[in-house]
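Quick note on labels: first sequence line is chain A, next is B, and so on, each numbered from 1. Because the structure is predicted, anything quoted here is derived from the model rather than measured.
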Amino acid sequence: MTTTTDLPKQYTPADHEPRIWQRWLDANAFHADPDRVLNGEAPPYAVVIPPPNVTGALHLGHALNNTIQDVLVRAHRMMGYETIWLPGTDHAGIATQTVVDKRLKSEGKPALVDYKKIEAEGGNGREQFTAQVMAWKDEYEARITAQLQAMGCSCDWERQRFTMDKVCARAVREAFFRLFKNGLIYRGKRLVNWDPVTQTALADDEVEMHEVDGAFYDLRYPLVHPAAKGEHHKPVTWGELAARGMPGAEAHPDDEQAWVTVATTRPETYLGDVAVAVNPRDPRAAALRGLRCRLPIVGRIVPIIEDDYVVLPVAFGGPAGDAKAEMSTGFLKVTPAHDPNDYEIGRRHEAEIEEACSAGTWLINVMAPDATISADHGWTDINDAKIFLGKTREEARKLVISEFKARTVAEGQEGSLLDRTRPHRHSVGHSYRSHAVIEPYLSDQWYVKVTDDQLKGNALRAMAPNQRSGATLQNLGGTGVPPVTTSSLPEQEEPAGDGQLRFYPDRYSKTFESWHENLRDWCISRQLWWGHRIPVWSGTLTVDANTDPHTATDLIVSGLWEILHDDSRCAAAQVFDESGEPIALDDVLAIHHRDRTYQFFVCLDGRYQGNETALEDLGFVQDPDVLDTWFSSALWPLSTLGWPDPDQSPDTRHLLDAFNPTSVLCTAREIITLWVSRMVMFNRYFRGAESSEQQNSGTADRTARPSSAATSESAAPSSSRHLPGPLPFRDVFIHAMIQDGEGRKMSKSLGNGVDPMDIIASHGSDAMRFTLCHMTTQTQDVRVPVEPDPKTGKNTSPKFDLGRNFCNKLWNASRFTLSILHKSPEAADVSTADVRTLALADRWMLSRLTAGVRAAESSLAQYQFSAYATTLYDLLWRDFCDWYLEAIKPTVAASPQQRAVLRTTLDAICRLLHPVAPFITEAIHEQLRQAPGGSIDGIELTPPRKGDTLCTAGWPITDDALIDPEADAAFERARALVAAIREVRAQHQVPPKRAITLHCAETPDDETAALVRTLANVDTITADAPAGPSVAFSFEQREHKLSNLADAVDAGAERERLTKQIAELDKSIGALEGRLNNPGYAERAPAHLVEQSRAQLEQAKADRDAARAALDTLA
RNA sequence: GGGCGGGUAGCUCAGUUGGCCAGAGCGUUCGCUUUACACGCGAAUGGUCGCCGGUUCGAGUCCGGCCCCGCUCACCA
């Protein structure tokens, strides 16, 4: 039998956590059964974990993120949902590759650069290197799993995924293939964010902007006349310009060569200039029309083009105060291969530039992939500029400046080519990984056309209507596409999900919305080795005039056609002709296109074995690049549920139908834009595709569409009738970011990072969880002061004392409860009728409990985790421990009914607390289950479903009839009287053990009296006046006295107390009178408030008079 | 520059449609080895709710303006 002596006075988490974890696993408590959902036995509740990077171990932010998920998951499991929480990790391409490379270097082992050499020499360097990364991944995946398990995360651990495992890889192949086939993935030569250190392209969101001290360099470009190819370009003089009406030209000597001034922060890119642009509204534009500039040193002749993009300088009509207009010269150097805006300008004037620029092209790339100046990547007219070759960007910049400074516009002319230098602080993009300055760099990359309405449009239409701004609704034109109704889940409504995506807190919907409004196509190729290799094979093919693919003897052509024209081989091709223009596959064979060379990009979905070797036998080569990590992350709610083939393996069987859409995604706000968006787009796109395919194949006949529509639909290509599918999740909860005590982000380099394992060691898992939950308000950041643990030296935080103390309180309350229950084993059940006859404290406790259940439920439903934790903190500590347990001490041993209330209340509190403090509540509940005690009608406590585990037991169901306003009020009155007496006791320093006497004209009812005796240590309550010295106080407008406080009352202390009390009361009388004398108040405020104020005034006056009288007696 | 968040007790933070004298935890002070808990119990101290103006009988809460702090997007002419 358990008594207090069996349980230690302090809760020691380490004694219980591992043991209880094992019990949960043994009971298979977290394993979900999708068939219970599909059979209608239980509604689904599904969460996919935001997969932590295998780059490193989890930090406190992850602890918060996963605590929140576990709270939701455990609560819903107890509420009767079939609950699944899918765990897993993310391969984090560039981050992990970089980290492993660094580690190899620091250990003096062969690193990336060495493996690249091996690969270049024909060895298997790539394979060897990725094997190293895989070893790292195994190490950290295990560590992350251990951390999550130590935290008590109730994931379905048999279904753990990794973004590069077989199931996820299958999803990536399928997704890429479908997008490729439908033209939503394309290849393009574009400017990308290039990291010259890691030598890979980066997505826009992987670029960090940092302020940098730089300068504007104003460069002079000499003006020349156009000339035929190879002939001399005559200088343009200021005199000529003046004659053409150029404002300002007359200020220069007539016979000197004229120039235009461009301003730049990156002078070294001038080597790639192909034009100088001027705004057509610039008054100088007309005079310069048709003229050329000669790039100094390079000697390239470039045209002057007119484009609205160029900002007018203030002097020529630009808006005063506008930063750009203030510093603009009105002339913009155009370097399409090294600046995204210039790229757009260049494209607009492509023909004009190619005709007039002496290089004959509009794109001149002057850098190598490592960002040194190079003539090997698209630059031919080097001339005297060879002095720059091989220089880094920084060296080249200095050299350009010094060369310009040393030269003049024309020989013998005054003034340097460097007009002036102005210091300028501005933001420059840096790689989030290597921190190198990003170079806009021209290269071939793969893109997802996320700007297509099938992706972006459906992401926006997914938003809940009342979280959309009006403007966007108009932009999209109407209410959007009606939802598809092809659900395999009859009990779910509208899985297609238009208007069902909801953000908590709702302000984050704005971020989501505006992200999409500015969306650009997504560059998904990365020049890395760690990741999903792009499933595209490329090759060139010459189709000669005599080829007939159906009878071809040419092995290549026939072999390729065999692959491409057999649907079961799951291959799709994008073809380009010699000029790089896309061309339809069938047109390749059309007569007029024959005898040409084509570049083929063939995508294979990987299902048909043999395609890859067949293609490679034909001389095709797989793209060496890998996919952006987010491509696989975007598929996470699909891939973890087994998409596209959930029935392929037992661990994913039926998951997709049962659990997608999932219920909620919990994440931090830094992720909203990229990840949430991409998951929404992909889920809707890929599951939508399934819907339309089902309809086309005629297997799904749930929608009563007219047959004519169905016919035309099946005739159309699938991409043109693509219907949006369901959401990946309905709710998105965005939680705070954890910072240290100074508001800084936690990081390894600052040394302020906290490992959840260290908190678990110092405070316990439940304490950490409870504290994190308690901190989770609607705010965007939370601070956790970091201190080294005095014992271990590891980082911890006194913040977690809150949770530790709370757990200890729960432990001791339970210990005490158990000892009471075991001391008096006879039990009694309490019927609905009996409830009314219970003691005041019991009725009050049941009322509080019922209200607490309601509050906890509504807090969780609204993702108000702090409110949930606070509710339980107060319910346990304030109500149950401070008042209820203290109140029943004298009576509980003799009352089996009271013991039923006691036992039931603690049981219910354990259930309410279990989601946030699973270990300790499980430990208590295993004791409580064995303790004797009756039940209470109106409180339903369902037993465990699996094993003897609280985690699969039922959430408490309480009848609102137990809410008892009379008991609440009566108890509140008793509590106020106790508080008044305690105040006097404290002020007079009455020893706690000394029982005192209460004198009041009208003695309280028995129940109140009993509570006062117990809680204020009063032994006698009498209507008689005190015989000896006493102290007066006022309660409910009546004078009360306390006597037997001490052998003599300290008159000085008493005088001080009363004087202070009178002052306070006078103040509040003044305030109340002021309010009541305000004529507007009595007239316009609600009557009950006016009445209340009047009552308060009377009470305050009575209390003050009583206090004055008492003061007078003292004197 | 655009958007978002924050500024409430010494510290960390609550305060949901405007309504008693603005709350909690920690800290501080005083008293307690009260037969569950000192990771505790009882009591106390502590605030011009960033500033200015407005609406209202009444504003921490609503409106306008301003000042700080943070995040985020855009911007390398």
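Following rounding to the nearest Å, A:L772 (CG) and B:U12 (P) show an atom-to-atom distance of 18 Å. Atom CG in A:N805 sits about 15 Å away from atom P in B:C37, given to the nearest Å. Per the geometry, CZ belonging to A:R975 stands 15 Å off C1' belonging to B:G42, to the nearest Å. Put simply, CD1 on A:I996 is 15 Å from C1' on B:G31, counting in whole angstrom units. If you take CG of A:L1015 and P of B:C41, they are 14 Å apart, rounded to a whole angstrom. A:M737 has its CE atom 11 Å from the C1' atom of B:U72, to the nearest Å. In this structure, A:Q989 places its CD atom 6 Å from P of B:G31, rounding to the nearest Å. When the P atom of B:G58 is taken as reference, atom OH of A:Y1081 falls 12 Å away, rounded to whole Å.
Backbone-only contact: A:Y873 has heavy atoms under 4.0 Å from sugar-phosphate atoms and none from a base. Using a 4.0 Å heavy-atom distance criterion, A:Y309 is classed as a base contact. Within the nucleic acid shown, A:R507 comes within 4.0 Å of sugar-phosphate atoms alone, with no base atom in reach, counting heavy atoms only. At the heavy-atom level, A:S427 lies under 4.0 Å from base atoms of the strands shown. Note on A:R982: only backbone sugar-phosphate atoms sit closer than 4.0 angstrom, heavy atoms only; bases stay farther off. At the heavy-atom level, A:D882 lies under 4.0 Å from the strands shown only through sugar-phosphate atoms. Among the heavy atoms of the strands lying under 4.0 Å from A:E886 is at least one base atom, whether or not backbone atoms are also near. The residue A:I438 sits close to a base: some heavy atom pair falls under 4.0 Å. If you check every strand for non-hydrogen atoms under 4.0 Å, A:N341 touches sugar and phosphate atoms only. A:Q10 comes within contact range of at least one nucleobase, with a heavy-atom separation under 4.0 Å. At a threshold of 4.0 angstrom between heavy atoms, the contacts of A:D874 with the nucleic acid are absent. Counting any heavy atom pair closer than 4.0 Å across all strands shown, A:L802 reaches sugar-phosphate atoms only and no base atom. At a threshold of 4.0 angstrom between heavy atoms, the contacts of A:S328 include nucleobase atoms, whether or not backbone atoms are also involved. Contact annotation for A:L885: base contact, defined as any heavy-atom pair under 4.0 Å involving a base atom.
Nucleotides B:G47 and B:U35 have their C1' atoms positioned 41 Å apart, rounded to a whole Å. B:G3 and B:C63: their P atoms are spaced 16 Å apart (whole Å). The same atom, P, is picked in B:A9 and in B:A24; the two are 14 Å apart, to the nearest Å. The gap from the P atom of B:G6 to that of B:U61 amounts to 13 Å, rounded to the nearest Å. As rounded to the nearest Å, B:G27 and B:G46 have C1' atoms that lie 11 Å from one another. B:U8 and B:C69 have their P atoms separated by 15 Å, given to the nearest Å. Spacing between B:U29 and B:G10 at atom C1', rounded to whole Å, works out to 14 Å. Distance check on atom P: B:G15 versus B:G58 gives 26 Å, rounded to whole Å.
Two residues, A:E439 and A:C807, neighbour RNA chain B, and the one matched to the more 5' nucleotide by heavy-atom proximity is A:C807. For the pair A:F880 and A:Q987, both in contact range of RNA chain B, the more 5′-proximal nearest nucleotide belongs to A:F880.
No donor-acceptor contact under 3.5 Å links the side chain of A:K510 to the base of B:C4.
Remark: B:G64 base-pairs with B:C52. Criterion, Watson-Crick or G-U wobble with two distances under 3.5 Å. A 3.5 Å limit on both hydrogen-bonding distances identifies B:G3 as the Watson-Crick or G-U partner of B:C71. The base-pairing partner of B:G40, taking Watson-Crick or G-U wobble contacts with both distances under 3.5 Å, is B:C32. Pair assignment for B:U12: B:A24, on the basis of Watson-Crick or G-U wobble contacts that are both within less than 3.5 Å.
When the side-chain nitrogen and oxygen atoms of A:K889 are compared with OP1 and OP2 of B:A36, one or more of them lie within a distance under 4.0 Å. Contact annotation: A:W877 reaches the phosphate of B:C41 (side-chain N/O to OP1 or OP2, under 4.0 Å). At least one side-chain nitrogen or oxygen of A:R878 sits closer than 4.0 Å to the OP1 or OP2 atom of B:G25. Taking only side-chain nitrogens and oxygens, A:T777 comes nearer than 4.0 Å to OP1 or OP2 of B:A14. Contact between the side-chain N/O atoms of A:K809 and the OP1/OP2 oxygens of B:C37 is not found at any separation under 4.0 Å. A sub-4.0 Å separation between OP1 or OP2 of B:G40 and a side-chain N or O of A:N812 is absent.
Between the side chains of A:D879 and A:Y884, no donor-acceptor pair of N or O atoms lies under 3.5 Å. Side-chain contact, A:N812 with A:Y11: no donor N or O sits under 3.5 Å from an acceptor N or O.
The closest donor-acceptor contact from the side chain of A:N1017 to the backbone of A:K993 lies under 3.5 Å. No donor-acceptor pair under 3.5 Å is formed between the side chain of A:R393 and the backbone N or O of A:E268. The main-chain N or O of A:L674 is never found under 3.5 Å from a side-chain atom of A:S677 such that the two would form a donor-acceptor pair.
Checked against the 6.0 Å centroid threshold, A:H210 and A:H430 count as a close aromatic pair. Separation of the A:Y504 and A:Y863 ring centroids falls under the 6.0 Å cut-off.
The pair A:E1073-A:K1101 meets the salt-bridge criterion, since a charged nitrogen lies less than 4.0 angstrom from a carboxylate oxygen.
For the pair A:R975 and A:W883, the cation-pi test (distance below 6.0 Å, angle within 45°) is passed.
When the nucleotides B:C13, B:A36, B:U34 are ranked by their closest atom to the side chain of A:K993, B:U34 comes out on top.
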